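Note on naming: letters A, B, ... go to the chains in the order of the sequence lines (proteins, then strands), and numbering restarts at 1 for each one. Everything numeric here is computed off the predicted structure, so don't read it as measured data.
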Amino acid sequence: MNTITNKILDTIKEKRITPKPRWQFLLKQGLVVAVTVLSAIIGSLSFSVMLFRLVNNDWDVVRFLDRSPVQYAFSTLPYVWIILLILFIGLAYYNARHARGAYRHQAYWFIAGSVLVSVVFGSVFYAFGVAPRIHTFAEGVPVFRDFIQDRDRLWLKADTGLLAGEITELFGGDELFELVDFNGAYWIVIPSDNYVPPPAFFKIEEGVQVRMVGEQLDANQFEAELVMPYHIGPGVMKGKINGFAPPSGGGQHRQWFNE
Amino acid sequence: MNESGACQGKTDEELVSLSLENADWYGCLMRRYESKLARYIYRISNASVEDIQDLLQEVFLAAYRNLNDFDQTLKFSSWIYRIAHNKVISHYRKTAARADVIDGEEGEKLLAMVSDQADIFGSVNDVITGEVLGKLLKKIDVKYKEVLVLRYLEQKEYGEISDIIKKPVGTVATLLNRAKKRMRALIDEEGIKL
C-alpha cells in the first residue's frame, strides 16, 4: 500500500490544502516580464543620455585646456549614466534569466541581448531627441543632479577665454549680441578679427545657448573667436536644455548701440 | 474512483488537470512517482530513510500547491524531478550536508551505465566494485554527481536533465563531460589500473 501517498492525501484533505490559484503565477511571471522590460527601457534611456553627453562633451575645445585629451576624457566621462546603464542592463539580464524557460538558453545570450537592446533602443531614443529631455529632467532631481558632471562650470571661465550662456538680444547681424551666462551675468559679445562663425546648421538667434572661445575684454565684454552651439544633437530644446532660466535684466546694453 | 484502474491510460498531464478539480486524482500521480522520486532522492543525497520520506512529502505537497504553475511545455516527470532536485538542494543547505552516498548495488549500476554508454571506463567493471565507486563518488561535487545519476541511473535525456536542473542542454553536456573526466582523474588518483 502506498503509505506516503495516502498520508499526503489525508494531509491535503485534513488541512484543506488547495493549489495556489493560477493568477498568482501569472502575476509573478508578468512582474518578471514587466521589470525586465522596464529595466531595458531605463537602460536604453541611460544609453541615449550617455550618447548625448559624449556628443556634447566639448571635445573640440580640449586643445584650449590645460589637460591631455586622455585626462580630459577620463575626467568628463558621464559616469552616472554609464553606471546606470550597467545597472539596468544587469537588472534586465537578471530578470530575463528568471523568466519561464529562460534556463534553456546560455547566459551570454541574455547578456548580449540586454546590451543590444540598450544600444539599439538607446540609439533610437537618441535619434528621436529623447535624451536632452531626460538630461534636463535628471538635472532637476535633487541629490541625483549632484552626481551629474557639471559641464556649465567649464564655461564660466571668461578670464581663461571660455564663456557660455543664452543669447538675450542680437544687435544687428548675428555676430554682435548680448548674452547671459549661467551665473546670471550679462555680457556683450563682439567678434574678434579672427572670428570663426558657428557651423551652418546652427542659427544664432535670441534664446539659443552658445559657448565661445575668445578673450575677456572687461567686466562685461567678451571678444569671441569661436562661437558654437552649447548643445548639439536631436531634440535639443532652445534655451532649455540645462534648465537654465535667465534672470530679468536683459536688453540693458541696447542703449549702447542705439546711441 | 482513483484506484489503479482509474489511473491507467491517463497521461500525467491529464491527471494534473483532473487533480486541480479533485485532489483524489493527485493520488494517481503520487503513486506513479513515489518510488521513482524516493530512489532519485536516495541516489543524490545522503539522507536517511526518514529524511527521504520527509523530503518526498515536501516534494508532493509543494508540487500540489504549485500545480497551477505546471508548465505544459515540460514533461510532468521533469517538473516534479525539478521540485525534488530543489528540495534536496535546500535540504543540503539546511543541514550543511553533502550529497555523497552511492554505493553497493547502486554504485555497480551507475558504473555499468557509465561504462556502457559513455565508454570511458572500458573494463572498469572488472577492476573496481560498486563500493569503491561509492567512495569515488563521495569526492565528486554534487553538481557532477547529479547529472551522472540523472543520465545513467534515471535514464533521462539531455533535454529532460536540462529541464530538471534548469541549465541549458549545452551546459548539461559540459557537466556530464566534466563529471566523467573527474571520475577518470579520481580513478587515476586512487591508483586503480584499468
Side-chain angles (χ1 to χ4, degrees), chain A residues 1-40 89-118, chain B residues 2-4 7 16-17 19-35 37-38 41 49-50 52-74 78-79 82 158-159 161-174:
Chain A
M1 196 62 193
N2 304 93
T3 52
I4 291 181
T5 296
N6 293 336
K7 201 170 156 186
I8 294 169
L9 275 179
D10 289 345
T11 306
I12 287 171
K13 285 171 186 170
E14 280 167 22
K15 294 188 178 175
R16 295 173 187 273
I17 297 169
T18 53
K20 288 181 199 166
R22 181 173 287 272
W23 66 263
Q24 281 187 14
F25 299 105
L26 293 175
L27 182 68
K28 193 178 160 192
Q29 287 160 27
L31 279 174
V32 169
V33 172
V35 174
T36 306
V37 170
L38 195 66
S39 303
I89 281 178
L91 202 58
Y93 160 75
Y94 177 82
N95 274 284
R97 288 293 284 163
H98 286 80
R100 175 165 274 190
Y103 62 87
R104 294 191 182 117
H105 309 286
Q106 294 287 356
Y108 53 75
W109 287 115
F110 291 90
I111 296 172
S114 304
V115 172
L116 197 69
V117 163
S118 294
Chain B
N2 296 328
E3 294 308 314
S4 304
C7 305
V16 168
S17 301
S19 302
L20 284 167
E21 290 161 17
N22 184 342
D24 286 335
W25 286 104
Y26 192 57
C28 297
L29 283 168
M30 286 193 286
R31 279 181 208 103
R32 266 184 204 179
Y33 284 94
E34 186 180 319
S35 58
L37 289 178
I41 293 168
V49 174
E50 289 77 21
I52 290 171
Q53 286 185 341
D54 288 345
L55 280 167
L56 204 54
Q57 282 193 55
E58 281 182 40
V59 170
F60 282 131
L61 282 173
Y64 183 69
R65 285 194 183 97
N66 293 290
L67 221 46
N68 269 315
D69 194 33
F70 168 55
D71 182 352
Q72 296 282 348
T73 61
L74 296 182
S78 299
W79 186 69
R82 180 194 291 173
Y158 280 38
I161 300 173
S162 159
D163 290 334
I164 292 166
I165 65 172
K166 291 182 89 173
K167 300 241 188 272
V169 172
T171 304
V172 170
T174 305

Handout entry: Pairs of heavy atoms under 4.5 Å with chain A: top-ranked of B:Leu20, B:Thr171, B:Asn68
Key = B:Asn68
Exercise for the section: Could you tell me which of A:Gln24, A:Arg22, A:His105, A:Lys13 has the largest number of non-hydrogen atom pairs under 4.5 Å with chain B? Expected result: A:Arg22
Exercise for the section: Carefully, step by step, assess A:Arg100 and B:Asp69 under the rule salt bridge (charged side-chain N to carboxylate O under 4.0 Å, His left out). Expected result: CA-CA 10 Å; A:Arg100 175 165 274 190; B:Asp69 194 33; 2.5 Å; yes
Practice task
Answer yes or no: is there a donor N or O on one side and an acceptor on the other, between the side chain of A:Asn95 and the main chain of A:Val35, under 3.5 Å?
Solution key: no
Completion exercise
chain A shares the most heavy-atom pairs under 4.5 Å, among B:Leu61, B:Leu29, B:Leu67, B:Asn66, with B:Asn66
Handout entry: Exam field: side chain A:Arg97 to backbone A:Phe110, donor-acceptor pair closer than 3.5 Å
Key = no
Exercise for the section: Sort B:Lys167 into side chain, backbone, both or neither according to what part of it lies under 4.5 angstrom from a heavy atom of chain A. Expected result: backbone
Completion exercise
Heavy-atom nearest pair, A:Thr36 first then A:Ala96, reads OG1-N, 3.6 Å
Practice task
Check the side chains of B:Tyr26 and B:Arg31 for a donor-acceptor pair under 3.5 angstrom, ignoring hydrogens and angles.
Solution key: no
Practice task
Would you check if the side chain of B:Ser162 reaches a backbone N or O of B:Tyr158 as a donor-acceptor pair within less than 3.5 Å?
Solution key: no
Exercise for the section: Let me know if A:Gln29 has heavy atoms under 4.5 Å from chain B in its side chain, its backbone, both or neither. Expected result: side chain
Problem - chain B contact via A:Lys28 - side chain, backbone, both or neither, heavy atoms under 4.5 Å - result: neither
Handout entry: Option in B:Leu74, B:Val169, B:Val172 with maximal non-hydrogen atom pairs under 4.5 Å from chain A
Key = B:Leu74
